[in-house]
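Below you'll find the structure, written out as structure tokens, and then a few comments.
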2 protein chains.
Amino acid sequence: MTIRPGTEIQSEGVRRRNSAKGASRREAILAAAMHRFSREGYQSAAIADVAKDVGLSLPGLLHHFPTKVDLLLAILDKRDLESTAAIDIDQATWRTFLLGLIQVAKYNTGIPEVVRAFAILNAESLTQNHPAKAWFGIRAQQLQANIAAKLQAGVLQGDVKRDVDCSAIATEVIAMMDGLQMLWLREPTSFDMVGVIAGYIERLILDLQASPARQV
Amino acid sequence: MTIRPGTEIQSEGVRRRNSAKGASRREAILAAAMHRFSREGYQSAAIADVAKDVGLSLPGLLHHFPTKVDLLLAILDKRDLESTAAIDIDQATWRTFLLGLIQVAKYNTGIPEVVRAFAILNAESLTQNHPAKAWFGIRAQQLQANIAAKLQAGVLQGDVKRDVDCSAIATEVIAMMDGLQMLWLREPTSFDMVGVIAGYIERLILDLQASPARQV
DNA sequence: GTCTATATCTTGATAGAC
DNA sequence: GTCTATCAAGATATAGAC
């Protein structure tokens, strides 16, 4: 993973933690906002409620994040930093990379709050003029290119069938992850997300790999 | 397809077309509303703008649809009626059914407006207290059950591998359709949706079918 | 069926005191 | 850094005339 959108959509409110005390306030606000956004979406959530959640008045919150958009972008940026600790995409082969997606899903089940928030925001950002549109768009594009490149490398070294449309498969994989998250959001207990992803990925690997007999 | 949510979420405003003249007004409003919802989402779209689009004042529109929710539910119900004309799910085998999904995707490329509206509403309905939550929830559940049952029938007649988790595959297929629609909404020209779906479905069929040698 | 006028509510944001 | 008070905008919905 380690996908980082460009800096042109960084918010002014993202300047790093200044003081230890102020930072904890900021963190509390970010957590409360993510909680609200994860359930009501960005548009419908009222930042006055977020303020209440952390025991602040609305102007008190706006002192830390001047606008609602600043608050949203701060959450997105924070996620970016945290997910940097995930898989090191560069050192993975196409196979270990795909298998790593299962691990990501497994890890995500431990932070349903975060997953929920980002799935909701991802979906919501499809609408016109949504402030998170650029962030998710860049992220999806980079992820698609990275997966496709991984697969293409596999083709070049003869480990992936030559006739595989790497770009199409990359699109497929992302669609599956996003789509499963949507179904899981609707009815979290209705199926085992990690199991379904694992089943898909393992089948995909078998389908993609060059048959040993024909291997170069 | 032909998936019909229960009637408990029918809106009062859905009583069938009364007069020929009034109906065309209603149709124009529904079309304009779908156009707005497909771009701005339900929550963000203002019905006053919809009224303007059809040359009515806001109270003029509210005469036809007493509330915004009535307008939304009328759109959902209309879609239900139209999609009845799609695949006859009962007469399909698991194989023809899955292949039929490719045809549905192909058909949908001809009505991007509708697809866009329903993908947006589907995503938006994941939030708390969304008026379309029940409709999409029931629809997803019925679709899942139908696909799973189709596959299970294939297992019973020995045409599908015995160790296939039919419920998981059904979930997978729906996730793929929904996920691809999201990616397509973000960047409609970035890939060939029908092609990707066809690639996935055709691979899936090969993976699911019992090998001729071991067939019962 | 459609309009003008209005009521009511919610929200994001600002001014200025402490 | 945080508050009270206030503003301004935008939205749904209603009242009542034509």
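Chain letters run A, B, ... following the sequence lines, proteins first, then strands; residues in each count from 1. Only heavy atoms go into these numbers, but all of them, side chains included; no hydrogens, no water, no symmetry mates.
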- Query: Considering all heavy atoms of both residues, which atom of A:L126 and which atom of B:I120 are nearest to each other, and what is their separation?
  - Reply: CB-CD1, 3.8 Å
- Query: Within the side chain of B:Q144, is there an N or O that forms a donor-acceptor pair under 3.5 Å with the backbone of B:S167?
  - Reply: yes
- Would a 4.5 Å heavy-atom cut-off, applied to side chains only, mark B:L56 and B:I29 as touching? yes
- Message: With a 4.0 Å cutoff (strictly under), does any side-chain N or O of B:S57 reach OP1 or OP2 of C:dT2?
- Response: no
- Rounded to whole Å, the CZ-P distance (A:F37 to C:dT11) equals 13 Å
- Item | Nearest listed nucleotide, side chain of A:L56, among C:dT11, C:dT4, D:dT2 | D:dT2
- Just how far, in rounded Å, is P of C:dT14 from CG of A:L61? 13 Å
- Task: Mind calculating the distance between CZ (A:R25) and P (D:dT2) to the nearest angstrom?
- Result: 5 Å
- Is A:R79 positioned over the aromatic face of A:F118, cation under 6.0 angstrom from the ring centre and no more than 45 degrees off axis? yes
- Check every atom of C:dG12, C:dT4, D:dC3 against the side chain of A:P59 and return the nucleotide holding the closest atom. D:dC3
- Task: Remember a base hit wins even if backbone is also touched, and classify A:A45 as base, sugar-phosphate or nothing at under 4.0 Å, heavy atoms.
- Result: sugar-phosphate
- Message: Taking the minimum atom-to-atom distance to the side chain of A:T67, which one of C:dC3, C:dA13, D:dT4 wins?
- Response: C:dA13
- What is the distance from NZ of B:K68 to C1' of D:dT14, rounded to the nearest Å? 18 Å
- Give a yes/no answer on whether the side chain of A:H63 brings an N or O atom under 4.0 Å of OP1 or OP2 in D:dT2. no
- Message: Using whole Å, what does the distance between atom P of nucleotide C:dA15 and atom CG of A:L62 come to?
- Response: 13 Å
- Would you please confirm or rule out a distance under 4.0 Å between OP1 or OP2 of D:dT2 and any side-chain N or O of A:H64? yes
- Query: Rounding to a whole Å, what distance do you find between A:L58:CG and D:dT6:P?
  - Reply: 16 Å
- Find the distance A:D70:CG to C:dG12:P and express it as a whole number of Å. 13 Å
- Using atom NZ of B:K52 as one end and atom C1' of D:dG10 as the other, report the distance to the nearest whole Å. 11 Å
- Item | Ring centre gap for B:F136 and B:H130 strictly below 6.0 Å | no
